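Right, one structure below, let's go through it.
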Amino acid sequence: MIVLNQNPIKIVGKWIAEHKTILLMFFFGTILIAAPTWFVVRGGGDDTNFLATAQQYDLWQYLVMRYFTWSGRFFGEFSVWIIAQFDLIVWKIINIIFYLVQSYLLYCYYLLFAQKYNQFCVKTDPVALIACLVLPFSMDFLAIKDSVFWVTGSSYYLWPVALGLVGFYPTLRYVLTGSLGIQNKAGQITIQIICFLMMLCGLVTCEQLGAIFVAFYLLFNIYYGMKHKRVSVYLLWQFLLAVVFYLIATKAPGVGERVIAETQNYIPDFQSVALSLKLNYSIRWFFDAIINQMGILLPAIWILLCVFVFKKSKKFDLLDLISVLCFFLGFVVILLRNSLTGFLFDFQASWGIPAFGASSYLPMLFWAVLLIMTLIELVRVGDTGYEKLGYLFVALGIACSIGVIVFSPTMYASGDRTKYIPSIFAILLIFMLYAKLKQLYWKTTDKIPLLLLLAPIGYGFAQYFYAVSNFSDHFMIH
């Protein structure tokens, strides 16, 4: 409690002392993200076209025009219009802020997972704080470049993702703990409304994110009903409104026009090609995305799962042995990629190939086995049925956010940035597993969880420094 007659300097000093770890994170994060952001320039393509278009209309006219001619991504279109009215320095400042918001929310989710597993866990975790800042650089570099360091791309990916994570946090907290953490009724209602509006900004701007949120709202309602034998009004109204706004955004008149335009430009035969061939193309694209274009995130999940397997050595069974061998084989294949095993990464993920040889299915078969074993071990990690479903649903959310390519020619057109959403959820899955490991190693001298998280952090740092040392090649191409 703050006493009014206290020395203001002492009050500020006390607050800083209590939050020094978070403040250091923001200071470090600002420097980390400012370096590459500062060298971004507006380029051609969407940067030029959207800028010119936005400057011809006032805000309301622009949003209406885009809704009827291009898309229902309200927050993204709003952001593009705002950026067009100011010098690029304004975008750079806003972009840095949104990256810090995303990083802090990833940390909040980690703490929520950790507190769910162990109510006595520490309130700050410096390693996890650093991981929240650096792990996004462990995804495929083209994904983060086009989603964070591209002026137009950030409006449709980084910014809505950051707001979506903010907006979704109270709902997840309510599901896991049964409370919003606020005692005042008016405060609860205010937080619910503000956060839900933020979540809607993400939901209506990025179709991948929106689909995941709608699915989770549905699952949360089912979970709550099964556990408490009653309906949660709070969860129900969020689910219904999320569905309504998602449909408003995805069924906008402009969406159909955009699909037609981008289909003609990129994949003219998308609608006419045989369904079997379309599925073949899409499955190959899926494997290419999750194996070749998600950086080190999948191997990081394998490492964590292997530790869980060895930790329960007394219950070690044949399925665990098969899983560990599969994951080990996966590591070996990745390490030898540039010499002996490169063929296992060639999925021939290109549209228009008329036929595929029998040998082209071998890479998909190999990685399909590893992905299935990953799902199996994720389910076996959980101690309760609900916990098992939690791991499984996040993993399936990652897969489905990539798999919607089957229905969307615009995702082919969007390219690398479409991997940003599944990569962020893969990071959340890593934090779920890391928090679980902290429970297993709680109050011991073992530093296993720390060491495991340092591997992807180190990779993220390496990729970051490689990128910032080549500004002209990496950040000035749009």
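This structure is a prediction, so every number in the text was calculated from the model and none was measured.
S360 and R284 share a side-chain donor-acceptor pair at under 3.5 Å. Between the side chains of Y361 and N280, at least one donor N or O lies within less than 3.5 Å of an accepting N or O.
Partners of K227 according to the side-chain hydrogen bond (donor to acceptor under 3.5 Å, both in side chains) rule, which considers only residues two or more places apart in sequence or in another chain, are Y223. Residues satisfying the side-chain hydrogen bond (donor to acceptor under 3.5 Å, both in side chains) criterion with S71, sequence neighbours excluded, are E77. Qualifying side-chain hydrogen bond (donor to acceptor under 3.5 Å, both in side chains) partners for Q293, counting only residues two or more places apart in sequence or in other chains: D288, K419.
Across D146 and W150, no two heavy atoms sit closer than the pair O-CE3, 3.4 Å. Closest approach of Q238 to T171, counting heavy atoms only: OE1-OG1, 3.0 Å. For the pair L370 and G330, the tightest heavy-atom approach, listed with the atom from each and the gap, is CD2-CA, 3.6 Å. Of all heavy-atom pairs spanning I457 and L135, the tightest one is N-CD2, 4.1 Å. Closest approach of F308 to L433, counting heavy atoms only: CZ-O, 3.4 Å. Residues L235 and F220 approach most closely at CD1-O, 3.8 Å, considering heavy atoms.
The neighbour count for F328 CZ, taken as heavy atoms of other residues, nucleotides or ligands under 6.0 Å away, does not exceed 12. Environment of OH in Y104: sparse, with no more than 12 heavy atoms of neighbouring residues, nucleotides or ligands closer than 6.0 Å.
For the pair M294 and D140, the minimum side-chain heavy-atom distance is 4.5 Å or more. Counting heavy atoms from C-beta outward, I303 and F331 have side chains that approach closer than 4.5 Å. F345 places a side-chain heavy atom less than 4.5 Å from the side chain of V333. The side-chain heavy atoms of Y169 and L165, taken from C-beta on, include no pair separated by under 4.5 Å. Two residues are said to be in side-chain contact when any heavy atoms from C-beta on lie closer than 4.5 Å; W159 and N95 meet this criterion. Residues F74 and I248 are in side-chain contact: their nearest non-hydrogen atoms beyond the backbone lie under 4.5 Å apart. With a 4.5 Å cut-off on side-chain heavy atoms, F465 and F461 count as touching. Proximity of Y420 to V161: side-chain heavy atoms (C-beta onward) are separated by under 4.5 Å at one or more points.
A distance of 15.5 Å separates CZ in F245 from CZ in F213, rounded to the nearest 0.5 Å. How far CZ of F347 is from CG of L362: 10.0 Å, rounded to the nearest 0.5 Å. Here the straight-line distance linking atom OG of S79 with atom CD1 of I94 works out to 8.0 Å at 0.5 Å rounding. In this structure, the separation between CD1 on I430 and CG on L298 is 9.0 Å, given to the nearest 0.5 Å. Between the CD1 atom in I144 and the CG atom in L158 there is a gap of 8.5 Å [rounded to 0.5 Å]. The CG atom of L111 sits 11.0 Å away from atom CG of L105, with the distance rounded to the nearest 0.5 Å.
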* Verdict with supporting geometry, D346 and Q348, side-chain contact (heavy atoms from CB on, under 4.5 Å) -> CA-CA 6 Å; D346 181 13; Q348 300 184 31; 3.8 Å; yes
* **side-chain contact (heavy atoms from CB on, under 4.5 Å) assessment of I402 paired with W285** => CA-CA 9 Å; I402 299 174; W285 195 92; 3.8 Å; yes
* Asked: When you look at F327 and T374, which way does the side-chain contact (heavy atoms from CB on, under 4.5 Å) test go after all the steps?
  -> CA-CA 8 Å; F327 297 153; T374 303; 3.5 Å; yes
* Would you please test E377 and S323 for side-chain hydrogen bond (donor to acceptor under 3.5 Å, both in side chains) and show each step? => CA-CA 7 Å; E377 283 302 328; S323 298; 2.8 Å; yes
* To do: Output, in order, the C-alpha distance, side-chain angles, deciding distance and verdict of side-chain contact (heavy atoms from CB on, under 4.5 Å) for K388 and L378.
  => CA-CA 7 Å; K388 295 174 186 292; L378 281 172; over 6 Å; no
* Begin from the C-alpha positions of T418 and Q208 and carry the test side-chain hydrogen bond (donor to acceptor under 3.5 Å, both in side chains) through to its verdict. => CA-CA 8 Å; T418 58; Q208 291 171 283; 5.1 Å; no
* Any chance you could lay out the ring-ring contact (aromatic ring centres under 6.0 Å, His included) test for Y110 and Y434, step after step, and finish with the verdict? => CA-CA 8 Å; Y110 159 71; Y434 176 65; 5.5 Å; yes
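Look at D320 and R380 and you find a salt bridge, because one of the NZ, NE, NH1 or NH2 atoms lies within 4.0 Å of a carboxylate O, short of that distance.
A cation-pi contact, defined as under 6.0 Å to the ring centre and within 45° of the axis, is absent between R417 and Y156.
Note: F287 and W367 fail the aromatic proximity criterion, with ring centroids not under 6.0 Å apart. A ring-centre distance under 6.0 Å is found for Y174 and Y224.
Tested against L133 for a side chain to side chain contact (heavy atoms under 4.5 Å, CB included), the candidates I33, L100, T30 yield a single pass: L100. A ring-ring contact (aromatic ring centres under 6.0 Å, His included) with F168 is found for one member of F196, Y109, Y217 and no other, namely Y217.
Judged by distance alone, with hydrogens and angles left aside, the side-chain atoms of Y234 form no donor-acceptor pair with the main-chain N or O of Q192 at under 3.5 Å. In this structure a side-chain-to-backbone donor-acceptor pair under 3.5 Å is present from S401 to I398. Panel note: side chain S154, backbone V151; a donor-acceptor pair is recorded below 3.5 Å.
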